[in-house]
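Accompanying notes for the structure given below.
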Amino acid sequence: QVQLEESGGGLVQAGGSLRLSCKASGRTANNYAMGWFRQAPGKEREFVAAWRRSGGTTYYHAESVKGRFTLSRDNAANTVYLQMNNLKPEDTAAYYCAVGPNIITSMVSNPGGYSYWGQGTQVTVSS
């Protein structure tokens, strides 16, 4: 079992920045991904960014956030961070941290590839 605890959401003006944190506890498989998804009201859950451990480590970012959002991690603290800069009103959503054990590359951006989810943290960007 894996437990995820998110923090860092809030209200910010367009152009501002926020940093989300997700601390994981529990055991995962040797090959897994840990990432962020977001969901706005009335919309499907959308991939934001993730990293996958399979031998080495690979980072993935959605096209809509490339150049603005950066995923990083602190292995010692079992924590992953999402630094969000130049936020836009369309980034407003509930952001969810997730872990996908034994995930394959093609599923990294698919919510169906993840088994464990945090409770979500709200990000609201005002124009």
Listed partners of Thr57 passing side-chain hydrogen bond (donor to acceptor under 3.5 Å, both in side chains), at least two apart:
Arg73
Assigning hydrophobic clusters by single linkage (Ile, Leu, Val, Met, Phe, Trp, Tyr; side-chain heavy-atom cutoff under 4.5 Å), is Tyr81 placed with Tyr116?
no
About how many Å separate NE2 of His61 and OG of Ser109, when rounded to the nearest 0.5 Å?
13.5 Å
Do you know the tightest heavy-atom contact between Arg38 and Ser64?
NH2-OG, 3.7 Å
Would you compute the distance between atom CZ of Phe69 and atom CD of Gln83 and round it to the nearest 0.5 angstrom?
9.5 Å
Would you name the heavy atoms of Ser7 and Thr121 that are closest together and state the gap between them?
C-OG1, 4.5 Å
Closest heavy-atom pair, Leu82 versus Trp36, reported as atoms and distance to 0.1 Å, is CB-NE1, 3.6 Å
Heavy-atom pair with the smallest gap, counting every atom of Ala40 and Thr92:
CB-O, 3.8 Å
Look up atom CD in Glu6 and atom SG in Cys22, then write down how far apart they are to the nearest 0.5 Å.
5.5 Å
Contact summary for Ala24 and Val2, nearest pair of heavy atoms:
CB-CG1, 4.5 Å
ILVMFWY cluster membership beyond Ile103 - transitive side-chain contacts under 4.5 angstrom
Phe37, Phe47, Tyr60, Tyr96, Ile104, Met107, Val108, Tyr114, Trp117
Around atom CD of Gln13, are there more than 12 heavy atoms from other residues, nucleotides or ligands closer than 6.0 Å?
no
Just jot down the salt bridge (Lys or Arg N to Asp or Glu O under 4.0 Å) partners of Arg19, sequence neighbours excluded, or say none.
none
Can you measure from CD (Gln3) to CG (Asn78) and round to the nearest 0.5 angstrom?
11.5 Å
Counting only heavy atoms not in Glu5, do more than 12 sit closer than 6.0 Å to its CD atom?
no
Rounded distance (nearest 0.5 Å) linking atom OG1 of Thr58 with atom CH2 of Trp51:
10.5 Å
Restricting to non-hydrogen atoms, name the atom on Leu18 and the atom on Gly9 that form the minimum distance, rounded to 0.1 Å.
CD1-C, 4.5 Å
Would you say Met34 ends up clustered with Tyr59 if hydrophobic residues are merged whenever their side chains have heavy atoms under 4.5 Å apart, either directly or through other cluster members?
yes
For the residue pair Met84 and Val123, establish whether any side-chain heavy-atom pair is separated by less than 4.5 Å.
yes
Rounded at 0.5 Å granularity, tell me how far OG1 in Thr124 sits from CG in Asp91.
11.0 Å
